[in-house]
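In what follows, chains are A, B, ... by sequence order, proteins preceding strands, each numbered from 1.
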There are 2 protein chains.
Amino acid sequence: MEEITALLKQKGLKVTPQRLAILNFLMHTNEHPTAETIYKKLVSDFPTMSLATVYKTLEVLKNTGLVQELNVGEGSFRYDAKTTPHPHIVCLGCGKVEDLDESIFKDLLEEVKKHTDYKVVGQKLYFYGYCPACQKKMNN
Amino acid sequence: MEEITALLKQKGLKVTPQRLAILNFLMHTNEHPTAETIYKKLVSDFPTMSLATVYKTLEVLKNTGLVQELNVGEGSFRYDAKTTPHPHIVCLGCGKVEDLDESIFKDLLEEVKKHTDYKVVGQKLYFYGYCPACQKKMNN
DNA sequence: ATTGATGCAAATGATTTGCACCGTG
DNA sequence: CACGGTGCAAATCATTTGCATCAAT
């Protein structure tokens, strides 16, 4: 938990139990949770925590670059503590969201820069498909 | 307007003035409008049209594959009558959304398929940057 | 002691839904 | 004529905000 405390201080943020819990949770999961999901996971340990705090905290963490916000096309946002830009893949069967390796798209970025007169500063790459488990289910 | 009528019939949809207007508008714009924007553009010509109808119509058009839904990370969806999968680029200055040529990413798709055990069936690629006009504004 | 963070409840905003009426096929 | 489409208003759901209280620096 010390590294997380350090991260927050480094960004000039006050260190509170809620922030520690939220950032810690995000850094140790790969499920790309929504605010709601994070809240549900943490209320048991922090019974007074409110959903509003989760949203406010995520806003702050996003603005300081400690987490990134994903929008996979659902009604709500998901959050990811892996902040280097990397593509995601969404399972259309079970809805889970996984990471793809960043190396996959580094060439693409060059290509895009060559073909546009925009000054490109970011990107979001989402792929959709069926994970191995869901493929298996469909074949039965 | 006949081609649009034909498109709707071909999908087994009833042809109504509202549907014609919405699909026609989407097919002749490149601004990737939201439901709200579409509504505002059309109320003057169709004073009785309701926003709910726009949403319901977009739902139907999406399900029949006549339009695609974009989620650029704003609070709302945008719609695009160009239904072949292609990347989009969003201007962070003025918020406009433009198309990038599909050819840019065909290699990427192969790459992704090679590196994942998902059965890939779709993708959404968004780039973010500043359009030439906004770059100029920033330099002044 | 200050200043920013929390938590509740109320507000907002996009989208959806129920239902009576209307127009297309 | 039947059935799906429309339009209104009310409902829903994610997210945001106001504000009084509380805790970290």
Side-chain angles (χ1 to χ4, degrees), chain A residues 1-2 4-25 32-40 42-64 66-67 69-79 95, chain B residues 1-2 4-25 32-40 42-64 66-67 69-79 95:
Chain A
M1 224 58 171
E2 297 78 30
I4 302 192
T5 305
L7 270 176
L8 290 170
K9 285 195 171 157
Q10 188 180 318
K11 297 289 186 179
L13 301 174
K14 273 191 185 171
V15 178
T16 67
Q18 293 88 336
R19 285 182 177 177
L20 281 172
I22 291 170
L23 187 48
N24 180 59
F25 177 58
H32 306 84
T34 62
E36 185 75 31
T37 308
I38 296 169
Y39 173 70
K40 283 188 184 146
L42 298 179
V43 248
S44 41
D45 290 329
F46 300 82
T48 76
M49 161 129 34
S50 96
L51 188 50
T53 298
V54 176
Y55 277 109
K56 286 170 184 167
T57 301
L58 289 171
E59 172 77 15
V60 166
L61 295 178
K62 184 177 43 157
N63 291 339
T64 54
L66 289 173
V67 306
E69 194 175 61
L70 310 184
N71 196 324
V72 195
E74 301 160 318
S76 48
F77 290 105
R78 288 167 173 265
Y79 296 86
Chain B
M1 226 58 169
E2 296 79 29
I4 301 192
T5 304
L7 270 177
L8 290 171
K9 284 194 172 158
Q10 187 181 318
K11 297 290 185 179
L13 301 175
K14 273 192 186 172
V15 178
T16 66
Q18 293 87 337
R19 286 181 175 179
L20 281 172
I22 292 169
L23 187 49
N24 179 60
F25 176 59
H32 305 83
T34 62
E36 184 74 32
T37 308
I38 297 170
Y39 173 70
K40 283 188 184 147
L42 298 180
V43 246
S44 40
D45 291 328
F46 299 82
T48 77
M49 160 129 33
S50 96
L51 189 50
T53 297
V54 175
Y55 277 109
K56 286 170 185 168
T57 301
L58 288 171
E59 172 76 14
V60 166
L61 296 178
K62 185 178 38 160
N63 291 339
T64 54
L66 290 172
V67 307
E69 194 174 61
L70 311 184
N71 197 328
V72 195
E74 302 161 316
S76 49
F77 289 107
R78 289 169 173 263
Y79 295 88

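Residues A/Ala52 and B/Tyr79 both approach DNA chain C. Their nearest nucleotides, taken by heavy-atom distance, put A/Ala52 toward the 5′ side. Between B/Lys9 and A/Thr53, the residue whose closest nucleotide on DNA chain C is further toward the 5' end is A/Thr53.
With contacts defined as side-chain heavy-atom distances shorter than 4.5 Å, the pair B/Val60/B/Leu66 does not qualify.
Counting non-hydrogen atoms under 4.0 angstrom, B/Ser76 reaches the backbone sugars and phosphates but no base. B/Glu36 comes within contact range of no nucleotide atom at all, as no heavy-atom separation falls under 4.0 Å. When heavy atoms are screened at a 4.0 angstrom cut-off, B/Val15 is found touching the sugar-phosphate backbone but no base atom.
With axes fitted over five pairs at each extremity, the angle between the ends of the helix from C/dA1-D/dT25 to C/dG25-D/dC1 is 40° (10° resolution).
Residue B/Glu69 contributes atom CD, which lies 8 Å from atom P of C/dT15 at whole-angstrom precision. If you take NZ of A/Lys11 and P of C/dA5, they are 15 Å apart, rounded to a whole angstrom. For the pair A/Tyr39 OH and C/dC8 C1', the interatomic distance rounds to 11 Å; values are reported in whole Å. Rounded to whole Å, atom P of C/dA5 lies 11 Å from atom CG of A/Leu61. Nucleotide C/dA14 holds its P atom 13 Å from the CZ atom of A/Phe77, rounded to whole Å. Rounded to whole Å, the distance from CD on A/Glu59 to C1' on C/dT6 is 16 Å. Here C/dT15 presents its P atom at 12 Å from CG of B/Leu70, a figure rounded to the nearest Å. Rounded to whole Å, atom C1' of C/dT15 lies 11 Å from atom CG of B/Leu58.
The phosphate of C/dT6 has neither OP1 nor OP2 within less than 4.0 Å of any side-chain N or O from A/Ser50.
With salt bridges taken as basic N to acidic carboxylate O contacts below 4.0 Å, one links A/Glu59 and A/Lys62.
What you find for B/Glu69 and B/Tyr79 is that their closest heavy atoms are OE2-OH, 3.1 Å. Nearest heavy-atom pair across A/Phe25 and A/Pro33 is CE2-CG, 3.9 Å. Annotation for B/Asn71 and A/Gly73: closest pair ND2-CA, 3.8 Å, computed over non-hydrogen atoms. Considering every non-hydrogen atom in both B/Ala35 and B/Leu58, the closest pair reads CB-CD1, 3.9 Å.
Protein chain B contacts DNA chain D over a range whose 5' and 3' limits, counting nucleotides with an atom under 4.0 angstrom from a non-hydrogen atom, are D/dC3 to D/dA9.
B/Arg78 places no side-chain N or O within 3.5 Å of a backbone atom of B/Leu70 that could act as its donor or acceptor partner. Not one N or O on the side chain of A/Arg19 forms a donor-acceptor pair closer than 3.5 Å with the backbone of A/Thr57. In terms of modelled atom types and a separation under 3.5 Å, the side chain of A/Thr53 and the main chain of A/Met49 share no donor-acceptor contact.
Side-chain N/O atoms of A/Lys56 and base N/O atoms of C/dG4 include no donor-acceptor pair closer than 3.5 Å.
Interatomic distance, B/Phe77 CZ to B/His32 NE2, rounded to the nearest 0.5 Å: 15.5 Å.
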